[in-house]
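By convention in this document, chain letters (A, B, ...) are assigned in the order of the sequence lines, proteins followed by strands, and residues within each chain are numbered from 1.
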Amino acid sequence: MSNPENGRVPVVRFAPSPTGYLHVGGARTALFNFLFARHHGGKFILRIEDTDQKRFQAEALQEIFTSLKWLGLQWDEGPEAGGEGGPYFQSQRTETYRRHADQLLAAGRAYRCFCSEDRLTRMRAEQEKAKMANGSGYDRHCRLLTEAEVAALLAANAPHVIRLKVPDDRAVVFRDLIRGEISYDSAQLDDLVLLKSDGFPTYHLANVVDDYLMRVTHVLRGDEWIASTPKHMLIYEAFGWPPPLFAHMPVILAADGGKLSKRRGAASVLDYQRAGYLPEALLNFLVLLGWAPGGDREIMTLDEMIAAFSLERVQAKAAVFDETKLEWMNGHYLQQRSEESLLPEVMVCWEKLLLPLPAALADKAYARRVIGLFKDRSKKIIEIAENSGYFFRDPAAYDPQAARKYFKRETLSILELLSEKLAAQEPFGREALEGLYRQVAEGLGLPAGKLIHPTRLAASGVSSGPGLFAMLEVLGKETVIRRLQNARNWIAAAADTKE
RNA sequence: GGCGCUAUCGUCUAGGGGUUAGGACGGGUGAUUCUCAGUCACUAAACCGGGGUUCGAAUCCCCGUAGCGCUACCA
């Protein structure tokens, strides 16, 4: 399948810089790239933009890989995957960038700039003071250097950068696939730095050179890059290369309308994993932030997203990250999942929560049944583990409020009677147990609730949870009777101290 | 300050010259039940403001306002 825009099989790339963890905004950009590539039968490249040595973090790199894999966004080319366009770390391509910067120098489209940081700072301060209406930015001081001056400075080993010669006063126009035509006046643009004095390229140079060399057809990136795009257009032009197509994704905002940050709701992708979210839920939620397939469809598998995805339907407006809806969606996907598939992840939570580890945890079949009791009433994986502790050890205490309500003196005899009946009950299945309870209640002339609530509290220590009879069935006869006895003794002791 | 982008219920969005402006989350009410959830039903809730264009504007154009982005030898 070829794409409708320029007839070539699309090649896209996700190009994070390893300066921090992959957060949901980045994940959404990666997702849109992935969906676009898959929809058109194209290629999805992962490229690491690590040209800023000062901000590089090795852990961040690992986390980016782990996050993308967890979400199921497998890249076709990139680190670990290989490919013809490699290497995929920009820090390993510095020779390439230098060569290309030289090429621009030779063509007279760029020049060496020896200005010190000091001079630049002073210049900016003066511009600030003069409140220059426009055209603030580098004053092009070194553009006027003669060849002899440059040669002398070079001979003296003077540190320098390479800057692009930006044309004076011209419209730079490009078409954003989501917003339409966007135009900038080149007079607004700086003579931007292409190669830094440490020999590393700036984002702008590396980005353009790599996108060209890797034959990228569509640049789908966050909309904070819109203002950089005219600069990139000028670089393509200086090289004489045809530019790719651009589409800028709207940003994702925090609930208060501000920027997404760790402090404000949006953590890294892996934090959502740790918090008990399912990848399919996060993906489905994220795809709806800035895109909709049309109509009323919301719940979609990855394959359905791929089939329906199109850039034309991507929203231009920033979207607010609504954690509540994510939770709802996660609950939905939790219900869809089998007990079996949930087991490893719930087990991790149990192992953290239940120390020392109860022997019952080793019984996989039992664990699966417990999960079955909780997955439909939970929103996150962690909740399944948090609320099910009593399936692995007897309650250490009873919820005080519930105890006041359900553990009364007259409950004593009820629990005793129930213990007796339960001991004789066979089979110990949920329907049979319910039948037994209704029968006993009737015999006593009491509403079934009078039996059910104390039993629940005795068996679990809390007053909320799965249906009582399903719970008793999973717990098993021996455990249930033991807990009923424990509760009986507890009530008796409480009654004594009161007197 | 300059430049740019954006604007439909609280939130995500559908629609797009003539509609009772639709759906989802969240809220409210009710039903179900042994609790909590869940599920189901019902319900309140929106076209930023002003000018044009037009028989007709939420929809197209302009202006304003607000929000956001960029304005680095960061990405």
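- As the counterpart of B:C60, B:G52 is assigned, both hydrogen-bonding distances of the Watson-Crick or G-U wobble pattern falling under 3.5 Å.
- Listed candidates were B:A72, B:C70, B:C73. Nearest to the side chain of A:A227 is B:C70.
- Base pairing analysis places B:A45 opposite nothing; no Watson-Crick or G-U wobble pair with both distances below 3.5 Å involves it.
- Nucleic acid contact for A:T455: none, since no nucleic acid atom lies under 4.0 Å from a heavy atom of the residue.
- Considering only the side chain of A:V251, B:C68 comes nearest among B:C68, B:A24, B:C73.
- When heavy atoms are screened at a 4.0 angstrom cut-off, A:R297 is found touching no nucleic acid atom at all.
- At a threshold of 4.0 angstrom between heavy atoms, the contacts of A:S17 are confined to the sugar-phosphate backbone, with no base atom among them.
- Among the protein residues, A:G465 comes within range of the nucleic acid bases, having at least one heavy atom under 4.0 Å from a base atom.
- Under the 6.0 Å cut-off for aromatic ring centres, A:F32 and A:F309 qualify, their centroids lying closer than that.
- Side-chain rings of A:Y212 and A:Y236 stay apart, their centers remaining 6.0 Å or farther from each other.
- For A:V193, whose side chain is taken as the heavy atoms from C-beta onward, the closest listed nucleotide among B:C5, B:U35, B:C73 is B:C73.
- If you check every strand for non-hydrogen atoms under 4.0 Å, A:E327 touches nothing.
- Residues A:S268 and A:E63 have side chains that bring a donor and an acceptor to within less than 3.5 angstrom of each other.
- A:R179 comes within 4.0 angstrom of sugar-phosphate atoms only, judged by non-hydrogen atoms across all strands, and of no base.
- Checked against a 6.0 Å centroid threshold, the rings of A:F407 and A:W490 count as neighbours.
- Between B:U6 and B:C61, the two P atoms lie 11 Å apart (nearest whole Å).
- Pairing each heavy atom of A:R47 with each of A:D210, the nearest pair is NH1-CB, 3.2 Å.
- A close approach under 4.0 Å does not occur between any side-chain nitrogen or oxygen of A:K231 and OP1 or OP2 of B:C70.
- Between B:C9 and B:G23, the two C1' atoms lie 12 Å apart (nearest whole Å).
- Searching all strands for a Watson-Crick or G-U wobble partner of B:U19 with both distances below 3.5 Å returns nothing.
- B:U54 and B:A41 have their P atoms separated by 47 Å, given to the nearest Å.
- For the P atoms, the distance linking B:C12 with B:C47 amounts to 16 Å, nearest Å.
- B:C34: no Watson-Crick or G-U partner with both key distances under 3.5 Å is found in any strand.
- Between the P atoms of B:A58 and B:G2, the separation comes to 32 Å (whole Å).
- Here the nucleotide nearest the side chain of A:E224, chosen from B:A24, B:C70, B:G38, is B:C70.
- An OP1 or OP2 oxygen of B:C36 is reached within less than 4.0 angstrom by no side-chain nitrogen or oxygen of A:R456.
- Remark: B:G26 base-pairs with no nucleotide; criterion is Watson-Crick or G-U wobble with both hydrogen-bond distances under 3.5 Å.
- With sequence neighbours excluded, no residue forms a ring pair (Phe, Tyr, Trp, His ring centres under 6.0 Å) with A:Y88.
- If you check every strand for non-hydrogen atoms under 4.0 Å, A:T324 touches sugar and phosphate atoms only.
- Each of B:A75, B:U35, B:G26 was ranked by its minimum atom distance to the side chain of A:H204; first place goes to B:A75.
- Distance noted for atom P between B:U8 and B:G15: 14 Å (whole Å).
- Counting non-hydrogen atoms under 4.0 angstrom, A:Y184 reaches the backbone sugars and phosphates but no base.
- Contact annotation: A:T51 reaches the phosphate of B:A75 (side-chain N/O to OP1 or OP2, under 4.0 Å).
- Distances shorter than 4.0 Å separate none of the side-chain N or O atoms of A:K54 from OP1 or OP2 on B:A72.
- The A:I182 side chain lies nearest to B:C5 when the options are B:C74, B:C34, B:C5.
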Original post:
How does protein reach along nucleotides 9-15 of chain B, written 5' to 3' as B (base within reach of a heavy atom under 4.0 Å), S (only sugar-phosphate), or - (no contact)?
Top reply: --SBSSS

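- For A:Q188, the listed nucleotide lying nearest its side chain is B:C3; candidates were B:C73, B:U35, B:C3.
- Look at B:C3: its Watson-Crick or wobble partner, with both distances under 3.5 angstrom, is B:G69.
- Using P as the reference atom, B:C60 and B:A7 are 10 Å apart when rounded to the nearest Å.
- A:E383 meets the side-chain hydrogen bond (donor to acceptor under 3.5 Å, both in side chains) test with no other residue; sequence neighbours excluded.
- Panel note: side chain A:S460, backbone A:L457; no donor-acceptor pair is recorded below 3.5 Å.
- Residue A:C115 is in base contact, counting any heavy-atom pair closer than 4.0 Å across all strands shown.
- When the C1' atom is compared between B:A45 and B:A21, the two are found 13 Å apart, to the nearest whole Å.
- At least one donor-acceptor pair under 3.5 Å links the side chain of A:K196 to the backbone N or O of A:T51.
- Contact detail for A:R93 and A:P87: the closest heavy-atom pair is NH1-O, 2.9 Å.
- Residue contacts for A:P447: at a heavy-atom cut-off of 4.0 Å it reaches no nucleic acid atom on any strand shown.
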